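Data first, discussion second: the structure below is written as structure tokens.
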Amino acid sequence: MPTPCLRVVGLSVDYPGSAGKVYHAVQNVSFTVHHGEIFGIAGESGCGKSSLAHAIVRLLKPSATVASGHVYLDDLDLMTLNEAMMRSVRWEKVAIVPQSAMNNLSPVLRIGAQIVDAIVAHESTSRNRALDRARELLRRVGLAPELVASYPHQLSGGMRQRAVIAMALALNPQLLVMDEPTTALDVVVQAGIMHQIKQVQREFGFSVLVITHDLPLLMQVADRVGIMYAGSFVEIVPSPVMLEHPRHPYSRALMQAFPPLLGPSRRAPSIEGTPPDLSIALKGCSFAARCPEAVAMCGVKAPVAMSPGQDQLVVCHRWEEPSRV
Amino acid sequence: MAVSRREPKGLNLVGQCWQWKLRYVPGSKGTMGLAIVGFFALMALLATWIVPYSPHQANFTAWQPPTWGHWLGTDDYGQDVLSQLIVGAQASLVVGVLAGLLSGLIGVTVGITAGYKGGATDEILMRLVDFLLVIPTLALMIVVSAFIPSSGQTTEIMVIGGLSWLWMARVVRSQVMSERRRGYVDAARVLGVSDREIMFREILPNVVPVIVANMTLIITVSILVQASLNFLGIGSPTAISWGSMLSLAFADNAIDQGAWWWTIPPGLCLTLLAYGFSLIGHAILQGYAQSREQ
Amino acid sequence: MFKLELDRVTKRYPARGMHRGSILSVDQVSLQIHQNQSIALVGESGSGKTTIARLVTRLERPSSGLIRVNQQRLEDHSGLPRLVQMIFQDPFSSLNPHYPIGYSLERPAELLHRISRREAAARAAEALTLVGLTPAENYLDKHAHQLSGGQRQRVNIARALVARPQLIVADEPTSMLDVSVGLGILNLLLDLKERSEISYLFITHNLAAARYVSERIVVLYRGIVVEDGPSFDVINHPLHPYTQLLVESTPDAHKALPRITVPDAQEMVGASDAGCPFRARCPHRRAQCEEPVALQQREKREVRCVLYDH
């Protein structure tokens, strides 16, 4: 079996809370992303998806700590690198497009100059050559190459987001991490950008880790999706499997929470209750208290991660039973 | 549920005051600020009874350093400095606080009206503020005080209060403008709440921090301006205040004479009183932040 | 019977900064809402949907055109707050942080229905129960910051209900909430509509949510109504090219990712004049698109496009 592009093993992230509490935002998470794969993570706010992404590229807030775990990029364990080495790995091997990155472009520099700065910081090349590369990068994400000469305020939100993605691709990383890349954009613009990302990805073959709360969009974009709840994955399956046969009750509930655009219009049940307090260790399954299919065992014994197929994961006591809902 | 919102009953007056203090002026800063201002307030209130001599009695030996008979010595007219200091607290406190309150009242009203109504109302009020701001305040006060014949304390309050509200109005206005864009103001408008109620019951409580911060500043400045006016010999010539004491001491070369007991006490009292008000302001802001977090 | 009508309503805002003149936010919009009807206004940001919400609730005045509620001009209607209420997009800022929930609910009841405090308190508790915040006593003393986003949005709905309105304008009520929480809010709105004769003007950028809540969808583009019809028809057989693009772009797990290559709307600035505002992005563009297009009637639907001009 080939080495995966990204292999995360037992990763945990803690945040300090008030009164000495510790919030376990990411709890012992393991998964892999293959070369040339688009892997999507979905979940609601507070499920740890953003912390997970930032922990992978080691850009957590200073207060947060990686309590345990390894992140392998090919065979390189990112957790063992020092800061200087990590800085060169970022951009060159793994690039991140953080949430609302399009609003974080420098307002006083031209788009081209900002891309050039990123390139010459990592490669010994002339600014002119780098500028040519910047033009090519813009073209790649569907923007006119002449836009290298424009300032961020002259571009629309969608165009700025494309520019940010172009910048992330500047050094041909093997993995592109995107946190809610299209959340603030209109749906037409969003669809355009997603289509473009997928095209570029197919052309150059890098891997993508994309995070969003928009599960229908994610299933359109990603080859495989992971559903996170309360700091860990409850299910990881290829998108078509998720569509036809979600095994975890939370996956089913989350799918239903998005009213379908087409087909019969039905009332969908909402998920009652709230996610558990991540500072308290739970005895049973983290979703048991809200689960419509929970049985007595779910509240006492934590389910073990099962693998229903290759590169798949489901964490539920009743995963083999057909759904009752 | 109505009962639970009331304060617990059965507390005596002192207990209630302490509850009130813990709630609105919490912390050691609050305690200290209240103690300082309270000390001077008591001094001013009881002045008539606690002065060792009449402050106008001028038949003691002049330029006396502190003695058991005169704790803070005497000035060059042979008047008792301590007695003057005690009586002077009245003028500083009354003028400072009342002028501060007056300018707070005007500033907050103008600021909220301009910030909430916007448009022409805002334009007119703010042009007025701009116009008044470019006039050097102290100079105008000197002129105004000089033209008003019987310059008593009331005049001082009106002049200081009537000219110190400009910054308050500006700061409150900008805060109200940002507050006005918040959803609860729109919600109140959709619910048919009157403009006046929106301004003073919905928005006002949410701009308390800037009002308090400015109020502290304005009271401090009012105390100092009052002292300055008296120091410059403007204001009622016969009234005794810390400012007029300093003015006399300066005019009569107290510094050259080494008469520190005449210059330092009124200066120190002014600083201390102003500091007391700042501490109270800090504590109120702290209490406000606490009540919002809970 | 309740009825709200917009008759060729236009709203211009004075332009700021370097631009001169005015920005047309809503352009000659006409629509009607009847009792117990739910209408969704769908469009991207800048389409004027929120402006319509603010015009209907009298937060803004129209530049021209007429809004009538129960045959009476909206401007002169003294009892409007008892007929039309609004739920805001941001559940965090739409409750006054200074007051407990109880005050935010009781005060409007007191003002609008001229009832005693005791009665107002009863109304507040009743409204909280209706929106599923039970027992109501647990919430009356709480401040907004002690509640979750979903709970705050429920309080906002309760506050609107205290007025006992005929129409609730809901301006993107779930866009700042988690999906599962948002679904709860949508379900609550549907429950309330089933229980009473209430109408909704539901403002959203999400076609799927629009269909979930409303029988009728009005699609706006740059302040103009481009299409109006029953929700099912508009989504399954969109007529206007913009609606088609919108339906295609809306994420749906059952569809493949669309191949969208049309330029962004903002790249087209300067294209707003008398002609069709969508023509710069439209695959069917032709010479007639430079001229103003009238709204065409097609059975139960309306569409503004030369493709359907007969």
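Being a predicted model, the structure only gives us computed values, none of them experimental. Order of the sequence lines fixes the chain letters, A, B, ..., with proteins taken first and strands second; residue numbering starts at 1 for each chain.
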- Message: For a quick test of reading the model, state the closest non-hydrogen atom pair linking A/M219 to C/A253 and the distance between them.
- Response: CE-CB, 3.7 Å
- How about C/K255 and A/L262: do any of their side-chain heavy atoms sit closer than 4.5 Å? yes
- Message: To the nearest 0.5 Å, what is the distance between CZ on A/F258 and OG1 on C/T250?
- Response: 13.0 Å
- Mind checking whether A/Q190 and C/P251 have side chains closer than 4.5 Å, heavy atoms only? yes
- Task: Tell me, for A/L243 versus chain C, whether the close heavy atoms (under 4.5 Å) come from the side chain, the backbone, both or neither.
- Result: side chain
- Item | Spacing of OG belonging to C/S180 relative to CZ belonging to A/R290, to within rounding of 0.5 Å | 5.5 Å
- Query: Is there side-chain contact between C/R281 and A/V188, with at least one heavy-atom pair below 4.5 Å?
  - Reply: yes
- Message: Would you say that more than 12 heavy atoms from the other residues, nucleotides or ligands in this model lie under 6.0 Å from the OH of C/Y13, or not?
- Response: yes
- Query: Do you know which of A/P240, A/G192, A/S239 has the most heavy-atom pairs with chain C at a distance under 4.5 angstrom?
  - Reply: A/G192
- Query: Contact part of A/Q154 toward chain C, heavy-atom cut-off under 4.5 Å: side chain, backbone, both or neither?
  - Reply: neither
- How long is the span from the OG atom in A/S45 to the CE atom in C/M176, to the nearest 0.5 Å? 11.5 Å
- Flag the one option from C/S175, C/P258, C/S249, C/A256 with the top tally of heavy-atom pairs under 4.5 Å to chain A. C/S249
- Heavy-atom distance under 4.5 Å between the side chains of A/P216 and C/H254, does that happen here? no
- Is chain C contacted by the side chain of A/P275, its backbone, both, or neither, given a heavy-atom distance below 4.5 Å? neither
- Would you say A/R266 has more than 12 foreign heavy atoms packed within less than 6.0 Å of its CZ? no
- Going from CG on A/L254 to CG on C/D178, what distance comes out if it is rounded to the nearest 0.5 angstrom? 9.0 Å
- Are C/L190 and A/R267 close enough that some pair of their side-chain heavy atoms sits under 4.5 Å apart? yes
- Item | A/K198 side chain near C/L257 side chain, heavy-atom distance below 4.5 Å | yes
- May I ask you to test the A/T274-C/S148 pair for a side-chain heavy-atom distance under 4.5 Å? no
- Roughly how far apart are A/Q256 CD and C/L183 CG, rounded to 0.5 Å? 9.0 Å
- Query: For the side chain of C/N187 and the backbone of A/A268, is there at least one donor-acceptor N/O pair under 3.5 Å apart?
  - Reply: yes
